[in-house]
2 protein chains.
Amino acid sequence: MASSDRTLRAFIGYDMKRALNVVLGDLGIVLAGFGLRMTTYSTLVVIRDNPGLRQTRLAEILMIERPNLVLILDDLEEAELVTRIRAPDDRRAYELTATPKGKRLCEQATAAVNGHDTRMTRGLSDEEVAALHRALRQIELNGRTSDDPSEIPRP
Amino acid sequence: MASSDRTLRAFIGYDMKRALNVVLGDLGIVLAGFGLRMTTYSTLVVIRDNPGLRQTRLAEILMIERPNLVLILDDLEEAELVTRIRAPDDRRAYELTATPKGKRLCEQATAAVNGHDTRMTRGLSDEEVAALHRALRQIELNGRTSDDPSEIPRP
DNA sequence: TATTGTTATACTCTATAACTATA
DNA sequence: TATAGTTATAGAGTATAACAATA
């Protein structure tokens with residue numbers, strides 16, 4: 001009986017969670033080959049793309065809490081992929097930069113993640129993949145803007 | 001600078017994770033109104049749809065590990081939404097059934113989750129939502145069948 | 001007084017090994 | 001010996017409160 005979860009399959013959240021589970025499983029294997037996890041990889045990419053970024057802004061971009069980012073950066077710094085340098089204009093803050101080693105690893109890992117992405121979307125046309133991206137971003141937007149709890153019916 | 005994560009936005013896994021985060025956040029609020037979490041809700045639905053189901057099979061359907069299911073069922077049983085009854089033909093196993101109270105709550109919660117689902121997919125046409133379901137199931141399938149590690153290039 | 005980064009902590013979800021009782 | 005359910009435990013991700021240094 002392969003469809004015993006048919007009721008749940010009607011919900012977009014369930015199909016998203018099932019699909020994301022297998023995607024993250026595969027991605028985790030790929031990134032482990034570079035000594036990275038999902039969190040450290042995405043953090044490294046954003047730092048490489050935005051040199052001099054500070055932690056509060058980085059946490060906003062990645063939608064994670066600042067205390068959790070501290071541990072991720074500790075990992076990246078210990079692996080010599082990222083440096084924290086005191087900001088000259090604000091001695092409370094750090095400017096984050098990818099080291100040459102970090103940039104190289106980021107590029108190699110990104111190539112592998114591109115391959116992973118291609119594998120995961122196999123069987124879908126370019127237009128279908130583009131539509132998938134659009135739909136997911138629309139849903140993210142819907143979720144952000146429905147923060148008004150008055151819209152949410154309660155029992 | 002709203003697109004500082006543009007590199008990551010090219011990956012389907014990133015857009016899926018961002019979208020799922022907001023969906024699960026909203027869904028969590030909806031389900032909390034019924035005293036349920038995501039895990040207890042989906043477990044309750046599958047039990048109601050498949051009376052007499054046993055735990056090993058249920059864990060397979062939901063793709064969770066059996067030890068983790070035990071705690072979920074403890075919750076559902078303590079809330080008197082589900083019963084574990086010794087299988088007459090195999091005294092190691094339990095037959096899982098939703099109580100009348102469990103069926104009522106399941107129906108009410110499902111109505112609320114339907115509303116949540118509609119809110120989350122707002123701005124998307126019926127055809128776009130259908131395409132989204134199809135794409136996500138294709139990706140889940142791709143992930144399942146690419147279990148062969150020989151396909152995954154390593155550094 | 002407010003902000004940056006930090007520490008400590010707690011809770012959920014997830015994953016594995018080892019146990020018991022039955023088969 | 002194999003299976004169904006269970007216990008114990010550990011890891012990762014996530015969330016909040018409170019702190020020191022600086023603004």
Side-chain angles (χ1 to χ4, degrees), chain A residues 13-14 16-18 20-29 31-32 35-43 47 52-78 82-96 143 147, chain B residues 13-14 16-18 20-29 31-32 35-43 47 52-78 82-96:
Chain A
Y14 186 71
M16 282 175 59
K17 191 172 193 321
R18 299 278 302 212
L20 188 60
N21 273 353
V22 305
V23 167
L24 295 188
D26 186 272
L27 183 57
I29 293 170
L31 290 177
L36 294 169
R37 289 164 295 135
M38 248 93 55
T39 51
T40 52
Y41 171 69
S42 27
T43 302
I47 292 172
L53 196 63
R54 303 183 185 182
Q55 296 183 201
T56 297
R57 179 75 189 113
L58 176 54
E60 284 172 7
I61 292 170
L62 290 172
M63 292 261 291
I64 62 182
E65 299 302 318
R66 271 156 301 177
N68 299 328
L69 180 57
V70 171
L71 304 176
I72 294 168
L73 289 173
D74 287 349
D75 276 8
L76 289 172
E77 205 177 23
E78 206 200 353
V82 155
T83 55
R84 283 192 258 222
I85 297 174
R86 280 285 179 204
D89 60 313
D90 185 342
R91 287 166 39 72
R92 295 171 301 180
Y94 289 110
E95 292 181 348
L96 302 168
D147 274 354
Chain B
Y14 187 71
M16 282 175 58
K17 191 173 192 322
R18 300 277 302 212
L20 188 60
N21 272 353
V22 305
V23 167
L24 295 188
D26 186 272
L27 184 56
I29 294 171
L31 290 177
L36 294 169
R37 288 163 296 133
M38 248 94 54
T39 50
T40 51
Y41 170 70
S42 28
T43 302
I47 292 172
L53 196 63
R54 303 183 185 184
Q55 294 182 204
T56 298
R57 178 74 189 112
L58 176 55
E60 284 173 7
I61 292 169
L62 290 171
M63 293 260 292
I64 61 182
E65 299 302 318
R66 271 158 301 177
N68 298 329
L69 180 57
V70 170
L71 304 176
I72 295 169
L73 289 172
D74 288 348
D75 277 7
L76 290 172
E77 204 177 23
E78 205 198 354
V82 155
T83 54
R84 282 192 259 222
I85 297 175
R86 279 287 179 202
D89 60 312
D90 185 343
R91 286 165 41 72
R92 293 171 302 180
Y94 289 111
E95 292 182 347
L96 302 168

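Chain naming here is simple, since letters A, B, ... match the order of the sequence lines and numbering starts at 1 in each. Since we're looking at a predicted model, the values are computed, not measured.
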Open item on the list: Whole angstroms only, please: what is the CG-P distance between B/Leu20 and D/dT14?
Closed with: 11 Å
Open item on the list: If you compare all heavy atoms of A/Met16 against all heavy atoms of B/Leu20, which two are closest, and at what distance to 0.1 Å?
Closed with: CE-N, 3.2 Å
- [ ] Tell me whether the OP1 or OP2 atom of D/dG5 has a side-chain N or O from B/Thr56 closer than 4.0 Å.
- [x] yes
TODO: For A/Arg91, enumerate each residue passing the side-chain hydrogen bond (donor to acceptor under 3.5 Å, both in side chains) test, keeping only those at least two apart in sequence or located in another chain.
DONE: none
Task: Contact list for residues 58-75 of chain A, test salt bridge (Lys or Arg N to Asp or Glu O under 4.0 Å), sequence neighbours left out - done: A/Arg37-A/Asp75, A/Arg57-A/Glu60, A/Asp74-A/Arg84
TODO: For A/Tyr94 and for A/Asn21, find the nucleotide of DNA chain C with the closest heavy atom, then tell me which residue's nucleotide is more 5'.
DONE: A/Tyr94
- [ ] State which residues pass salt bridge (Lys or Arg N to Asp or Glu O under 4.0 Å) with B/Arg92; sequence neighbours excluded, sorted by chain then number.
- [x] B/Asp90
Task: Non-neighbouring partners of B/Ser42 that pass side-chain contact (heavy atoms from CB on, under 4.5 Å), sequence neighbours left out - done: A/Leu8, B/Leu62
Task: Bounds of contact between DNA chain C and chain B, in 5' to 3' order, using a heavy-atom cut-off under 4.0 Å - done: C/dC13 to C/dA23
Open item on the list: Taking side-chain hydrogen bond (donor to acceptor under 3.5 Å, both in side chains) as the definition, give me every residue that meets it alongside A/Tyr41, ordered by chain and number, with sequence neighbours left out.
Closed with: A/Thr110
Task: Interatomic distance, B/Glu60 CD vs D/dA4 C1' [rounded to whole Å] - done: 12 Å
Task: Nearest-Å distance for atom pair CG/P, residues A/Leu69 and D/dG13 - done: 13 Å
Task: Any A/Arg37 side-chain nitrogen or oxygen under 4.0 Å from OP1 or OP2 of D/dG13 - done: yes
Open item on the list: Under 4.0 Å from OP1 or OP2 of D/dT6: is there any side-chain N or O of B/Gln55 that close?
Closed with: yes
Task: Sequence-distant partners of A/Ala87, side-chain contact (heavy atoms from CB on, under 4.5 Å), two or more places apart - done: A/Arg54, A/Asp89, A/Ala93, A/Glu95
- [ ] Ignoring backbone atoms, test whether B/Arg57 places a side-chain nitrogen or oxygen under 4.0 Å from the OP1 or OP2 oxygen of D/dT3.
- [x] no
TODO: Would you give the length of the straight line joining atom CD1 of A/Ile61 to atom OG1 of A/Thr43, rounded to the nearest 0.5 angstrom?
DONE: 10.5 Å
Task: Letter per nucleotide, 5' to 3', of nucleotides 15-23 of chain D [B base touched, S only sugar-phosphate touched, - untouched; heavy atoms, 4.0 Å] - done: BBB---BBS
- [ ] Indicate the atoms forming the closest heavy-atom contact of A/Leu73 with A/Ile47, along with that distance.
- [x] CD2-CD1, 3.7 Å
TODO: Figure out the CZ/P separation between B/Arg84 and D/dG5, and round it to whole Å.
DONE: 9 Å
Open item on the list: Assuming nearest nucleotide by heavy-atom distance, tell me which of B/Leu53 and B/Lys17 is located more 5' along DNA chain D.
Closed with: B/Leu53
Task: Whole-Å distance separating the CD1 atom of B/Ile72 from the C1' atom of D/dT6 - done: 14 Å
